[in-house]
Amino acid sequence: HEMFRKFLVLVSAATLSVAAHAADRKEVKLDGSSTVYPISEAIAEEFGKVKANRNIRVTVGVSGTGGGFKKFIKKEIDIGGASRPVKEKEAKPLAQKNIKFIELPVAFDGLSVIINKKNTWVDSLSIAELNAIWKPGSTVKKWSDIRPNWPNKAIKLYGPGGDSGTFEYFTKKVNGKAMVSRADYTASEDDNVLVYGISGDKYSLGYFGYGYYAANKSKLKLVPISSEKTGGKAILPSPKTIESGAYKPLSRPVFIYVNRDSAKKPEVKKFVDFYLDNAPKLSAEVGYVPFPKSTYTKVKKRWNALETGSAYTGNKKIKNVLK
């Protein structure tokens, strides 16, 4: 009986210890863009390796830029990842709920047009040809509908879904109006689904962020893009052409948005500090293009001052931190 009593005491103590540890454990919630996800995931992983951060759990979700803002508006997350600036229609309910946000650009991305590795006929595409393929009511069904000397084979299209900031950016630059696109394509907010589809279909074509190409370059092929802005010259996305702006018009910054109230929590402050300190190195490691050092200095200054509002949407008084 005495041994059994001691066993119960030990079990109770262990239970209390686990409960206390769980109570001490803090959580940082991040969700949103699939494009920003690889950067955030890499940073969260490195953050968790630091012994001093072991009591902080960082969760990173992928619901698309729009899906992330929906959760941000509902106060379900501390940080939203976005591959485009916040929209007016998102900023309005945030203001109504008195949710202030801190907008932090973290890296450059080059929205990339991708084909299957076995595709031997496409050497480039123009923005005009992309428009012919992706516009609403497009009559392009086969590769030969784009250029007569291309195969008389059905083209299989892959792209982001409607909650994706990549979808919005691509449609605006290619179709002239955001969120306007043909609907008969395989859509997903998860870029890994698009990678899998394109890599498995010789006659496929799709688009997503450069980072996903960089992570899967052994089974995918990039398409050089020409436009009026490049003087008709076909430019291949690369860290160099994305950073210099030569890859036009599909280069863009990507962001995290931090709830200002969340920013006052020590665990969120600690994680975002770590994020901005490590964004240059880790964004490059997962295939994105870091900003110049001077830009990160401005972004950190914005963060440390808890400066709210958008430098890109609505409020023209706030200077664009990239300039």
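Treat the numbers as computed from the prediction; the structure is a model and nothing was measured. Excluded from the calculations below are hydrogen atoms, water molecules and symmetry mates; all remaining heavy atoms, backbone and side chain alike, are included.
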Does NZ or CZ of R84 lie under 6.0 Å from the centre of the six-membered ring of Y169, at an angle within 45° of the ring axis?
no
Measure from the side-chain N and O atoms of S244 to the backbone N and O of K240, and report whether any donor-acceptor pair falls under 3.5 Å.
yes
Within-4.5 Å side-chain heavy-atom neighbours: V113 and L125:
yes
Is there a side-chain contact between P239 and Y210 in this structure, where contact means two heavy atoms from C-beta onward sitting under 4.5 Å apart?
yes
Would K87 and E168 pass as an ion pair if we require N to O under 4.0 Å?
yes
Can you say whether the rings of F255 and Y257 are parallel (under 30°), tilted (30 to 60°) or perpendicular (over 60°)?
tilted
CZ of F47: more than 12 outside heavy atoms within 6.0 angstrom?
yes
Classify the side-chain pair S204/N116 by whether it contains a donor and acceptor separated by less than 3.5 Å.
no
With a 6.0 Å cut-off on ring centres, are Y158 and Y185 close enough?
no
Check the surroundings of atom CZ in R147: do more than 12 heavy atoms from other residues, nucleotides or ligands lie under 6.0 Å from it?
yes
Given 3.5 Å as the limit, does a donor-acceptor pair link the side chain of E189 with the main chain of D163, or not?
yes
Would the distance check show the side chain of E129 and the main-chain N or O of S126 forming a donor-acceptor pair, the cut-off being under 3.5 Å?
yes
Verify same cluster id: I114, V193 (apolar side-chain graph, 4.5 Å):
no
For T35 and T166: C-alpha separation, side-chain torsions, deciding distance, then whether side chain to side chain donor-acceptor pair (under 3.5 Å) applies.
CA-CA 8 Å; T35 302; T166 299; 2.9 Å; yes
hydrophobic_cluster_shared for L194 and L222, side chain cutoff 4.5 Å
yes
Go through the steps to decide whether K75 and N259 satisfy the test side chain to side chain donor-acceptor pair (under 3.5 Å), and finish with yes or no.
CA-CA 8 Å; K75 298 183 181 180; N259 181 308; over 6 Å; no
Following the transitive rule for hydrophobic clusters with a side-chain heavy-atom cut-off under 4.5 Å over Ile, Leu, Val, Met, Phe, Trp and Tyr, establish whether V174 and V180 coincide in one cluster.
no
Membership question, hydrophobic clusters at under 4.5 Å side-chain separation (ILVMFWY): are W150 and L157 in the same one?
yes
Side-chain contact, heavy-atom cut-off 4.5 Å: L250 with K173?
yes
With a 6.0 Å cut-off (strictly less than), is the heavy-atom count around CD of E27, excluding the residue itself, greater than 12?
yes
Side-chain (S283) to main-chain (A279) donor-acceptor, under 3.5 angstrom
yes
Strictly distance-based, threshold 3.5 Å: is any side-chain N or O of T295 a donor or acceptor partner for the main-chain N or O of F291?
no
Which pair of heavy atoms, one from I102 and one from W303, lies closest together, and at what distance?
CD1-CZ3, 3.8 Å
Any chance you could lay out the side chain to side chain donor-acceptor pair (under 3.5 Å) test for S83 and T65, step after step, and finish with the verdict?
CA-CA 6 Å; S83 59; T65 297; 3.3 Å; yes
Using atom types as modelled and distance alone, determine if a side-chain donor or acceptor of T241 lies under 3.5 Å from a backbone N or O of L236.
yes
Indicate the atoms forming the closest heavy-atom contact of L30 with G81, along with that distance.
CD2-N, 4.5 Å
Determine, step by step, whether K92 and E88 satisfy the salt bridge (Lys or Arg N to Asp or Glu O under 4.0 Å) criterion, reporting the C-alpha distance in whole Å, the side-chain angles of both residues, the deciding distance to 0.1 Å, and the verdict.
CA-CA 6 Å; K92 189 174 180 180; E88 292 277 16; over 6 Å; no
Is K270 atom NZ crowded by more than 12 heavy atoms from other residues, nucleotides or ligands, each under 6.0 Å away?
yes
Please check if the side chain of S138 supplies one atom and the backbone of W134 the other of a donor-acceptor pair under 3.5 Å.
no
When you measure from the side chain of S112 to the backbone N and O of G110, does any donor-acceptor pair fall under 3.5 Å?
yes
Would you mind reporting whether I79 and Y275 have side-chain heavy atoms less than 4.5 Å apart?
no
Let me check something: do L306 and L276 share a hydrophobic cluster, defined by ILVMFWY side-chain heavy atoms less than 4.5 Å apart, either directly or through other members?
yes
Donor-acceptor pair, distance only, cut-off 3.5 Å: does the side chain of N131 make one with the backbone of I127?
no
Between W121 and Y203 (judged by ring centroids, cut-off 6.0 Å), do the two rings come close enough to count as a pair?
yes
Evaluation steps, side chain to side chain contact (heavy atoms under 4.5 Å, CB included), between I235 and I225
CA-CA 5 Å; I235 305 292; I225 304 299; over 6 Å; no
Closest non-hydrogen atom pair between K51 and R54, with its separation:
O-CG, 3.0 Å
Quick check on K300: does its NZ atom have over 12 non-hydrogen neighbours (other residues, nucleotides or ligands) under 6.0 Å away?
yes
Run the salt bridge (Lys or Arg N to Asp or Glu O under 4.0 Å) check on K141 and D184 step by step: do they pass?
CA-CA 10 Å; K141 303 292 182 186; D184 57 336; 3.6 Å; yes
Distance-only donor-acceptor pairs under 3.5 Å for side chains of residues 212-221, two or more places apart:
{"residue": "Y212", "atom": "OH", "partner": "S34", "partner atom": "O", "Å": "2.9"}
{"residue": "N216", "atom": "ND2", "partner": "Y212", "partner atom": "O", "Å": "2.7"}
{"residue": "K221", "atom": "NZ", "partner": "N119", "partner atom": "O", "Å": "2.6"}

Can you tell whether the side chains of D78 and K29 come within less than 4.0 Å, N to carboxylate O?
no
Closest heavy-atom pair, F69 versus E90, reported as atoms and distance to 0.1 Å, is CD1-OE1, 3.4 Å
Please test L282 against Y288 for side chain to side chain contact (heavy atoms under 4.5 Å, CB included), starting from the C-alpha separation and ending with a verdict.
CA-CA 9 Å; L282 294 178; Y288 294 79; over 6 Å; no
Under the side chain to side chain donor-acceptor pair (under 3.5 Å) rule, what do R260 and T308 come out as? Steps first, then yes or no, please.
CA-CA 8 Å; R260 193 175 187 274; T308 60; 5.3 Å; no
Measure the shortest side-chain to side-chain distance between V86 and F101 over non-hydrogen atoms and say whether it is less than 4.5 angstrom.
yes
Report yes if the side chains of I146 and I133 come closer than 4.5 Å at any heavy-atom pair, otherwise no.
yes
So, does Y296 use its side chain to make a donor-acceptor pair with the main chain of V106 at under 3.5 Å?
yes
What is the minimum heavy-atom distance between S226 and G232, and which atoms define it?
CB-O, 3.4 Å
Is the number of heavy atoms from other residues, nucleotides or ligands under 6.0 Å of K117 NZ greater than 12?
yes
Do the side chains of V272 and K269 get nearer than 4.5 Å, heavy atoms only?
no
Would you say the side chains of R302 and T297 form a donor-acceptor pair under 3.5 Å?
no
When you look at I198 and F208, which way does the side chain to side chain contact (heavy atoms under 4.5 Å, CB included) test go after all the steps?
CA-CA 11 Å; I198 297 168; F208 43 75; 3.8 Å; yes
